[in-house]
Structures are given as C-alpha cells and as structure tokens.
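The first residue of the sequence shown is numbered 1, and numbering continues consecutively from there.
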Amino acid sequence: MGLLDGAVAAAFASVFAPMYLDATLHRRLEPEYDDGGSIINSGWSDEDVKAQLDSTTEGMRLAGYTDRDQVIYVLATGVAIVSTGDEITVSGQRWAIASVTQDPCAAYFQLRGQRA
C-alpha cells in the first residue's frame, strides 16, 4: 500500500479516531416520484462518522466564511464522497454542508458547515 492509495489515510484514522467526536453524516436521498410526478419518498440516510470542530482562520473569513460557519473535519476512511447536499450533526448541532475539500492523501474531508 503506497502513501497515496490509502496508507496515510488509514494511519491518520488509526491515530486520530479516538480523539475525534462521534458524529452523524446525513445523506440526502434522491427523491422518488409517482406516475403523476409527485414526490412520494425523500429524506435522509444516516452514517456514523468521526468528526472534529475547528475554528475558522483569517484566510477563511477573507474567503467569505461568516460567524454562522463552522469548520468541520471528518475522517475519510470508510466514508464515501461527502457532498453539499448532505448535513452533519456534531455535538448535538446539525450543520448544512456548504463546501467540501479533501486533503491530497484522502485522510479527511474539510467541511464548511452552516447552522441547519
């Protein structure tokens, strides 16, 4: 296993998972429609993840972060791609995901959360 094919992400997760908080990633389900075009089923699918809240930096504020935004790191091992349609609950607070980036080694996702 090479550095960029999962070894760093696995090592990162094994070291930091005990220090990260239990969290729930809420994935928005694709809506289902009846024959008339009305939505008959939509909602959320929940996934347990490990997350950490962090302070915004001055650079983030310059890029448009507000006082309602929260930086959230999610360990990426075992987690499929996170999207801006998803939401996350950490420490009892639910956040809509406004943006997602991932580090080059795919060890974590950095989320911009906005109070849901």
Side-chain angles (χ1 to χ4, degrees):
M1 185 178 279
L3 289 180
L4 295 180
D5 65 0
V8 172
F12 192 87
S14 68
V15 170
F16 288 103
M19 294 177 268
Y20 272 51
L21 303 169
D22 291 331
T24 304
L25 181 63
H26 311 283
R27 295 188 182 276
R28 186 177 302 275
L29 297 174
E30 292 293 322
E32 295 178 30
Y33 300 91
D34 65 13
D35 293 335
S38 297
I39 295 175
I40 58 171
N41 186 17
S42 65
W44 302 92
S45 172
D46 292 345
E47 180 179 342
D48 293 333
V49 296
K50 291 294 212 171
Q52 191 65 275
L53 304 175
D54 200 2
S55 301
T56 56
T57 65
E58 188 60 32
M60 291 171 179
R61 288 186 189 92
L62 291 173
Y65 276 60
T66 70
D67 60 351
R68 295 178 44 88
D69 293 340
Q70 174 69 57
V71 177
I72 305 167
Y73 292 97
V74 174
L75 294 179
T77 301
V79 178
I81 298 298
V82 178
S83 75
T84 55
D86 299 335
E87 296 184 359
I88 189 168
T89 299
V90 185
S91 296
Q93 175 64 52
R94 190 159 175 153
W95 304 90
I97 299 172
S99 66
V100 180
T101 58
Q102 191 170 25
D103 70 295
C105 294
Y108 63 85
F109 295 101
Q110 180 183 345
L111 312 178
R112 176 181 180 179
Q114 296 177 326
R115 292 189 196 276

Can you tell me how far apart OG (S99) and CD (Q114) are? Round to the nearest 0.5 Å. 8.0 Å
Does V74 share a hydrophobic cluster with W95, counting links as ILVMFWY side-chain heavy atoms below 4.5 Å and allowing steps through other members? yes
Do the side chains of I88 and L21 join up, straight or via other hydrophobic residues, at under 4.5 Å, putting them in one cluster? yes
Rounded to the nearest 0.5 Å, what separation is found between the CD atom of Q102 and the OH atom of Y108? 9.5 Å
Consider only side-chain heavy atoms of I, L, V, M, F, W and Y, link residues closer than 4.5 Å, and tell whether I72 and V79 are in one cluster. yes
Mind listing the closest non-hydrogen atom pair of F109 and I81 along with its distance? CZ-CA, 4.1 Å
From OG1 (T101) to CZ (R112), nearest 0.5 Å: 11.5 Å
When rounded to the nearest 0.5 Å, the distance separating CD of Q70 from CG of D54 is 8.0 Å
Sidechain N-carboxylate O distance under 4.0 Å for D22, K50: yes
How about V71 and Q110: do any of their side-chain heavy atoms sit closer than 4.5 Å? yes
Could you pull out the closest heavy-atom pair between D46 and H26, with the gap in Å? OD1-ND1, 2.7 Å
Any donor-acceptor N/O pair, Q52 side chain to M19 backbone, under 3.5 Å: yes
For the atom pair CZ (R115) and OG1 (T66), what is the distance rounded to the nearest 0.5 Å? 9.5 Å
Minimum heavy-atom distance T77-A13, with the two atoms named: OG1-CB, 3.5 Å
V90 versus A51, closest heavy-atom pair with distance: CG2-CB, 3.9 Å
Consider only side-chain heavy atoms of I, L, V, M, F, W and Y, link residues closer than 4.5 Å, and tell whether V49 and L53 are in one cluster. yes
I97 CD1 to E87 CD distance, which is reported to the nearest 0.5 Å: 8.0 Å
